[in-house]
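Just so it is clear: chains get the letters A, B, ... in the order the sequence lines come, proteins before strands, and each one is counted from 1.
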Protein chains: 2
Amino acid sequence: MSEPGSSDAYGETRPFRVRSSTAEWAAAILRQRVTQGGLLPGSRLVEEELTAELEVSRNTLREAFRLLGHERLLEHKLNRGVYVRVLSPADVADIYQARRMIEGAAVRRPDKDPISLTALRDAVSDAERAAAEGRWLDVGTADLRYHQIIASLNGSRRLNAMMAQLLAELRLVFHAMDPRTLHAPFLPRNRELLALLESGRNPEAEVLLATYLDEAERLLLAACTQARTY
Amino acid sequence: MSEPGSSDAYGETRPFRVRSSTAEWAAAILRQRVTQGGLLPGSRLVEEELTAELEVSRNTLREAFRLLGHERLLEHKLNRGVYVRVLSPADVADIYQARRMIEGAAVRRPDKDPISLTALRDAVSDAERAAAEGRWLDVGTADLRYHQIIASLNGSRRLNAMMAQLLAELRLVFHAMDPRTLHAPFLPRNRELLALLESGRNPEAEVLLATYLDEAERLLLAACTQARTY
DNA sequence: CTTATCAAATTGTTCAACAATCCTTACATT
DNA sequence: AATGTAAGGATTGTTGAACAATTTGATAAG
């Protein structure tokens, strides 16, 4: 410790010249663990353990906690510690209402950026390739990217940020489900929706997207309520 | 200092038993100064000054900064300090795009909560009363409350929070305008929109709201671009 | 079995010190 | 005069230690 720039002997864990703050660096590591399932919802993050492991001070770690708390990935209970957030069914429903609004508005728009359409094609192809090879986690990643691009059709930086946060939160529930049964049903629909967007049939696209999101919500709600009965 | 619970001799600035964290208390004070115009956009917040005035430690103050930074009221530049955010025209446009989406979706909904409609009536009445008495700042407060209630028709906690943040950011621009010329044009429209909502004429309400928001955006964009030419 | 009390563990907050970075001023060069 | 460079002073970034406040779990009393 006291040597930011080289963790353990050339461990290469921290870039030499830290351009962002140390707190953001620590937050990035914890964010990755949460979104990739290394830290499961409900897990407690003990300050002493993490200061030792990440080799940052308690104050810096707390700043990292606060960062992730505002991203709603961690939950901070006063005097009781920090936990990986556990999504309630109400949370999932709330997330999907916001998704319906953001993605719905994006699909409804008349003008579609050709670059975004290309990006959508790529995302669909990546997902299908990953599915063919059985890499279902990668399918999930491509699917999230697909919907992030959909949201970006709104052309609003703020809505992009909100969408990114929504999807990050959704990952918290993803780990409570088998990735194949979660993503397989939506693979063909992504391509179908893309076709409707390319041909400018917006009303049909909007309907398809709505049913899509409703079904995904139902799937996750089921997984979510099951997981909470322990 | 080191006596949280009683600032200067019975200054009554801090509640006796602090239930929330000290950082949130400090953030609340700074938030008030920013939203009420005591701290104007672009102002720099120096750590040393504020730790002395608020009688909190530097670390706690920094946590307060981070809180307000995530609310987008303050801007944190690495190694350069914390500033009250200055909204660019692009920021204002982005805010209004989000408003059109959230409030538009709310108005479009078929089911209207009667309690919310009552709250809307109250907000309109308060605004009109304040206008009659020349209290234009209170008119602004009532107007913001009105739109917050509109957004709440969506019934989503998350969208409520997002709307609250949008409106808080908008206050940053409000202080660059005369409150009367800003709010007076919208007083009759608020009542008109309310009438359309009460009688369930949603499509007309949606159109009215859209023109409403477009004009408000134009007004603020003008004020915003003017203010930046100094 | 319930309630009360106490002790250990953990978090909340502060402080002082030092490192890293930015900004200004002064100086030198062209 | 304009440009580039080099201290230095000021401010922020980070740390570690200390103590206060709170929760938690265990133990003892009713």
Nearest whole angstrom, please: distance from the [atom2] of [N] to the [atom1] of [X].
X        : N       : atom1 : atom2 : answer
Tyr83(A) : dT10(C) : OH    : P     : 11 Å
Glu63(A) : dT13(C) : CD    : P     : 14 Å
Asn59(B) : dC19(D) : CG    : P     : 17 Å
Arg66(A) : dT14(D) : CZ    : P     : 16 Å

Strictly below 4.0 Å, N to O, side chains only: are [X] and [Y] in salt-bridge contact?
X         : Y         : value
Glu169(B) : Arg158(A) : yes
Arg145(A) : Asp126(A) : yes
Arg109(A) : Glu103(A) : no

Below 3.5 Å between N/O atoms, which protein atoms pair up with nucleotides 6-12 of chain D? Just atom names and distances, please.
unit_1	atom_1	unit_2	atom_2	d
dT11(D)	O3'	Arg44(B)	NH2	2.8
dT12(D)	OP1	Arg44(B)	NH2	3.4

Tell me whether the centres of the aromatic rings in Phe186(A) and His147(A) are closer together than 6.0 Å.
no
Side-chain N or O of Thr22(B) less than 4.0 angstrom from OP1 or OP2 on dT13(C)?
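Indeed, a polar side-chain atom of Thr22(B) lies that close.
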Can you tell me if the side-chain N/O atoms of Ser57(A) get under 4.0 Å from OP1 or OP2 in dT14(D)?
no
Nearest listed nucleotide, side chain of Thr60(B), among dT15(D), dT14(D), dT13(C)
dT13(C)
Listed by chain and number, what are the salt bridge (charged side-chain N to carboxylate O under 4.0 Å, His left out) partners of Asp138(B), not counting sequence neighbours?
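Expected list: Arg135(B).
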Just one of Gln97(B), Arg99(B), Arg100(B) clears the side chain to side chain donor-acceptor pair (under 3.5 Å) bar with Glu217(B), so which one?
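Answer after filtering Gln97(B), Arg99(B), Arg100(B): Arg100(B).
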